[in-house]
Amino acid sequence: MASKWYQFWRDHGCFVADPQSAKPPYSIVIPPPNVTGVLTLGHVLNNTLQDILARLARMQGKEVLWLPGTDHAGIATQSVVERTLRKQGVIKHRDDLGREKFLEQVWEWKEKHGGIIIQQLKKLGCSCDWTRERFTLDPQYSDCVQRVFVDLYRKGLIYRGKRMVNWDPAARTALSDEEVIMTEEKGHLWHIQYPCLGDNGQPLPGQFVIVATTRPETMLGDEAIAVNPKDERYQKLVGRQVWLPLRNKPIPVIADELVDPKFGTGCVKVTPAHDPADYEMALRHHLPFTVVIGPNGHMTNEGGADFAGLDRMEARQAVVEKLEALHYLVKIEDYVHNVGYSERSHVPIEPYLSEQWFLKYPSVEVSTQAVEKGDIKFHPERWAKTYGHWMHQLKDWCISRQLWWGHRIPVWYRKDKNGDGSHPDARSPQTASGSPQPGQDVWCDLLPPPDPENWTQDTDVLDTWFSSWLWPFATLGWPEPNPTLHKFYPTADLVTGPDIIFFWVARMIMAGYEYMGQKPFGNVYFTGIIRDKQGRKMSKSLGNSPDPLDLIAQFGADALRFGIMRSAPLGQDLLFDDQQVELGRNFCNKLWNACRFRQMQSGETEDEINPALLTNDDKWILLRLDAAIREITTALAEYHFSEAAQVIYRFFWSEYCDWYIESSKATLNGADAAQKANTLAVIDFVLSHTLRLFHPFLPFISEELWQGMGFNQELPENQGGQTIMYAHWPKPFDEAFLTNYGLDASVDRLISEKHELIGQGRNLRRENSIASNKKVKFIFKPVAAWADREAEVLKLLLNAEPLVIDAQFTPQKGTPTVRSPLGDLFLPLEGLIDVDAEKARLTKELAKTATEIERSEQRLNNPAFTQKAPPAVLEDHRKRLAEWQEKQQRVQAALEALNR
RNA sequence: GCGCGGUUAGCUCAGUGGAAGAGCACUACCUUGACACGGUAGGGGUCACAGGUUCAAGCCCUGUAUCGCGCACCA
C-alpha cells in the first residue's frame, strides 16, 4: 500500500515545487545525510518532523519546497572505502593507488552504495522534491564551495599557517576543535625527576626538579621546565638548566605566567611540539620544536633510537619502564583527566604542528544578533544561549583536511619557488584586488593558473562542513539569480540535532548573511537525541540501534512515524522502545477498522448534515472535532509535535471510537432511515476532517482511506480531489457554523454527565460480578423526559436487556443504584445482591465526596481566597462544591435505602 | 570551574499559578456484528529534598542532592 501511494504522488508530481506559483513559499532544506550512510532512528525522527511540516504547509496552501540531498562526508567515506579495499587485499594503503585512482574507487563506491539512504527516506514517506536532489560534490555545488573559498581568501579571512592543530593519527588529518570529543578518563600522573645542573653543566648531587605529567612519552620532546615567575620556591632555578633523562641533554628552566604554582609540584615540563599550551610558551621563549610523535602516531627518530617506530601508547610504557629503571620515576598517582578523542576515528587526538588553512568567521556580529534578537528563532529557545556562548568566543576554523575525498583547495604554488616541497606561509592576505597577479607565487582562483606546468596545487581538501555551511543557498542555484532561489530563500524551518549546532547551524547562519545578505532560515527546531531503553546513545558498536527498515517492515512506516512522534518530547532526549512503534501500529489498525465500520454501514447517505436531525452525541463529537482541530493546529504551529500526536490519539480513540461510534450504533442499528442517513453524514464529516488532520503524521494510511472512502470524489483536483496531500487543512468552526448546528457548551456538559452515568452503571455490573457480555435488566428513572433514542444509547452502552424507563420507579431495599444529575439508574437483582458489598462501594464513594467537599469548603471559607481570587476561579470553585454536595446527597440517599 | 537540562504512577513521558494526566505494564471480566493490534471496569503518585513568594505552587524564587549534556590550555 505504501509504495503504491508513494509512486502515485511521484507520478503526479506532488512533491515538485513550482517557483512560478502564486502561493506563498514554504521551504526546508534537509540536513544532508552522509551519502554512504544508512537510515538510523535519528534520521527517522528528524525527517518525519520535516515531512510533517512540509505536508502541513501544502495543506495550508503554501508552495512547498523540501529540498533533499546528501553530503560527501570526507573522512567517513574515504576511510570506509580505504578499509574495504584493504580488506579485499587490493591495497595496503591508499598511496598504493594514488590520488586519482583512489578517487575513482570512491566514486564507484558512491555510485553503488550512495543513495541507499535516499531510498530509505522514500520508504519513510518523505515528500522531498527529488527533482532537486543535491550532492555536495556536484559540479555546481563544488563551484560554489570554490567560489566562497576564493572570496574569503581575497577578503583576507582565509589564511595558511603553521599551527598546533588537532591531529587524528588514524585518519592522518587535521580536525577542527569541534571534532574533538573531550572524555573524562582515569589515567595516571607520573612524577619524574630531572637532575639540576650546576654552572659547569654537571649534575648537582641530590638536586632535582620534579614534574608531573599524564603523558610521559612526550618527555622525549621536552625543551624546558617552566615555573611561575612569582613562585618563590623555584626563583633560584630560573635561568639554570636541568638534565633531560633518556635524551641526555640539558634544557633550560623558564618562568611563565601560565604555570599554576598550586598544581602538582608547580613545575611543568614543556613539550613545544606536542602540547598547545607548551607551544604558546615555546613561542614566547623561543624554544625549539622537537617532533617526537609523527603523523601516524608513532615515535620519530627525534625521540631517540630506543623508541623510534613505537606506537605512542607503547612508547609510554617503554619510557616509564626506562625511567623507573634509571630511578627517575618518583611516583605514580591515579588521576582523572580529560582526553580528546577524534569524533570520527575514536582514537586519542594528538596535538600536532603542521601547516593548515584557517578561516576567520565572516558576518559574526550580524549572525550573533540574529539569534539574540529573535530574527532566527530556536526551538526550544534555550539553545540560543549555547549558540551565543560559542559565537562570543569564536576561534579560527581549521578548514584543511589531509584527505583526497572532498573539495580540493583551489590554491596553486609556483614550482620553482618551492622545490623542497615546503610552501610559503600564505598567512598574510592577498591584495583585495581580485584575480591573482602575474609574478605571484601563490595562485588562488576558480580556474587553475594559465601555465599549469609551472604550478602545483595544494594537496589538501576542505572540511566537509566547509561545503555544507552553504547548503541553504548553494542548493538553490546560487550564485546565479534564478526563480527558485528568489522564491524559496530564506528557508522557513530547519530541523536538526543540537549536536551540530556549531558544526552546521551556526556556520550556515554566518554563510547566509555573508553571501545572501539574509538569514538562511527563520526557525530552527532542535530534536532530541534518540537513546535506547537504558538511556545509552545508539551506536553501531553497542548494536543497540534497531534498523528502521525492519521496524517499517514489521509495523509500517506510518506506525513508526506516529510512534516516534507521539513519544518525542520537546527538545528532550528520546528513549526508544519498540513498544512505541507498536502503539503506532495499533493506532493505525484502529483507524483502519473505524473506517471499515463506516463502510459496512448500508443505507442512504446524506451529503449535507441536517441540523434538525442532530442528536446530542452528534453535536458532541462535532464539538470535540472542533477542539481537536484547534489543539492540533496550535500545537504544530508551536512545534509541539508530540502534543499534536497525543491529541490525535485522544480524539480519535478516546472520543470518537470509544464514545461516538458506540453511541451511534443506537441510530445505525435502528429503523429511522432519515436519522440514520444523517448520522452517516456526521460520521463522514468527522472522518474526512480526521484523515486530513492525520495526514502529516500518517501519510500513507490517510491517503488510502481518503480515496478508499471516496472523500476525494466531489473535491476539485487540486484541493483533495486527486490526493489528500492537497486537501485543505481543517479550520476551526466559525460562529455561523456553530450556530447553524446548535453547537454550544451545554452539549458538552450533558454528554459528560451521560458518560459518567454509563461508566458508573458499568461499574455496578462489575461490582456485582456480571460478565460484560451478559445482558441484564437496568431501570432508569430520569429526572426529565428521556428520548427514545437516548434510551437506546443507554441500553446499548450498558448492555442492558431490557432497559426500563420508569419515572415513578421505587427500588426494593438494597438495589444497586447510580444517582446522577440525569436521573437514577438501578440494577435490580432479585435476591442476588450482596448488600455488604454495595454498602462498601457507596461508603467509599461517600468518603470521596466528603474529602472533596472539605477541600472546597476550606478554600471557600478562607476570606483571603474569596477576596483575592479572580471571580471566574471563585465561581468555578463554588460550582464544584455544589456539584460534590449534590453528589453526596445522592450517594447518601442510596446508602440509606440500603439500610431501610 | 562555568553554563544548560532532567528528577511527576512499576516503565517512558505530558502537564507554562487555580480539582494530579496519557501510553505501556498490572488486576478482574469479556472473542458481543469495526477492531483481541480489541472492549469494560479497576488498582497504583508526600510531583527528588529543604526553605521562601502567593489567597492558591508539580508549575515562580533561593538553596541542596542526584543524573545527563555542553563549554573551559590546569600539566
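Reminder, nothing fancy here: chain letters follow the sequence lines and each chain counts from 1. These numbers come from a predicted model, not from an experiment.
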Distance between the [atom1] atoms of [N] and [M], in whole angstroms?
N: G21(B); M: U16(B); atom1: C1'; answer: 16 Å
N: G15(B); M: G52(B); atom1: P; answer: 28 Å
N: C13(B); M: A48(B); atom1: P; answer: 15 Å
N: G17(B); M: A57(B); atom1: P; answer: 14 Å
N: U7(B); M: U40(B); atom1: P; answer: 31 Å
N: C67(B); M: C26(B); atom1: P; answer: 31 Å
N: C2(B); M: A20(B); atom1: C1'; answer: 36 Å
N: G1(B); M: U64(B); atom1: P; answer: 12 Å

OP1 or OP2 of [N] under 4.0 Å from side-chain N/O of [X]:
X: Y335(A); N: A75(B); value: yes
X: W659(A); N: U40(B); value: no
X: N773(A); N: U31(B); value: yes
X: N589(A); N: G38(B); value: no
X: R855(A); N: A20(B); value: yes
X: K665(A); N: U32(B); value: no
X: R766(A); N: C29(B); value: no

Report summary line: By nearest-nucleotide position on RNA chain B, the 5'-leaning member of L258(A) and Q579(A) is Q579(A)
Requested in this report: Tell me which of F587(A) and L189(A) sits closer to the 5' end of RNA chain B, going by the nucleotide each one is nearest to.
Outcome: F587(A)
Can you tell me the base-pairing partner of [N]? Count Watson-Crick or G-U wobble geometry only, both distances below 3.5 Å, and say none if there is no partner.
N: U7(B); result: A65(B)
N: U27(B); result: A41(B)
N: C47(B); result: none
N: C55(B); result: G18(B)
N: G70(B); result: C2(B)
N: U32(B); result: none

Using a 4.0 Å heavy-atom cut-off, does [X] contact any base of the nucleic acid, only the sugar-phosphate backbone, or nothing at all?
X: Y649(A); value: sugar-phosphate
X: R596(A); value: sugar-phosphate
X: W190(A); value: nothing
X: D658(A); value: sugar-phosphate
X: C595(A); value: nothing
X: A771(A); value: sugar-phosphate
X: P870(A); value: base
X: K590(A); value: base
X: I661(A); value: base

Send over the distance from [X] [atom1] to [N] [atom2], rounded to a whole Å.
X: M565(A); N: C13(B); atom1: CE; atom2: P; result: 15 Å
X: K385(A); N: C71(B); atom1: NZ; atom2: P; result: 16 Å
X: R566(A); N: C24(B); atom1: CZ; atom2: P; result: 8 Å
X: F263(A); N: G1(B); atom1: CZ; atom2: P; result: 14 Å
X: I501(A); N: G5(B); atom1: CD1; atom2: P; result: 13 Å
X: N799(A); N: G39(B); atom1: CG; atom2: P; result: 16 Å
X: R585(A); N: C35(B); atom1: CZ; atom2: P; result: 16 Å
X: D260(A); N: A72(B); atom1: CG; atom2: C1'; result: 15 Å

Requested in this report: Could you tell me whether R312(A) and E350(A) make a salt bridge, using a distance below 4.0 angstrom between a side-chain N and a carboxylate O?
Outcome: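 Yes, R312(A) and E350(A) are salt-bridged.
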Query raised in the report: Do any N or O atoms from the side chain of T866(A) and from the backbone of P863(A) form a donor-acceptor pair under 3.5 angstrom?
Result: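 Side chain of T866(A) to backbone of P863(A), a donor-acceptor pair under 3.5 Å: yes, one is there.
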Query - Exam field: side chain Q601(A) to backbone R598(A), donor-acceptor pair closer than 3.5 Å - result: no
Query raised in the report: Which atom pair, heavy atoms only, marks the closest approach of D558(A) to I701(A)?
Result: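 Answer, listing the atom of D558(A) first, then I701(A): OD2-N, 2.7 Å.
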Query raised in the report: Between F641(A) and Y525(A), does a ring-ring contact (aromatic ring centres under 6.0 Å, His included) hold up when you go through it step by step?
Result: CA-CA 11 Å; F641(A) 299 94; Y525(A) 177 85; 5.2 Å; yes
Query raised in the report: F865(A) and L874(A): side chain to side chain contact (heavy atoms under 4.5 Å, CB included), yes or no, with the steps?
Result: CA-CA 8 Å; F865(A) 174 68; L874(A) 196 57; 3.6 Å; yes
Query raised in the report: Below 3.5 Å, does any donor atom in the side chain of E662(A) face an acceptor in the base of A34(B), or the other way round?
Result: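 Looking at the base of A34(B), it does pair with a donor or acceptor on the side chain of E662(A) (distance under 3.5 Å).
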Query raised in the report: CZ/F503(A) to CH2/W397(A) distance, rounded to the nearest 0.5 angstrom?
Result: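 Separation between the atoms: 10.5 Å.
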Query - Flag if over 12 foreign heavy atoms under 6.0 Å of NZ, K665(A) - result: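 Yes, NZ of K665(A) has more than 12 neighbouring heavy atoms, counting only those of other groups under 6.0 Å.
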**Report entry** Crowding at CD, E333(A) (>12 non-hydrogen neighbours, <6.0 Å)
**Finding:**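 Check passes, neighbour count above 12.
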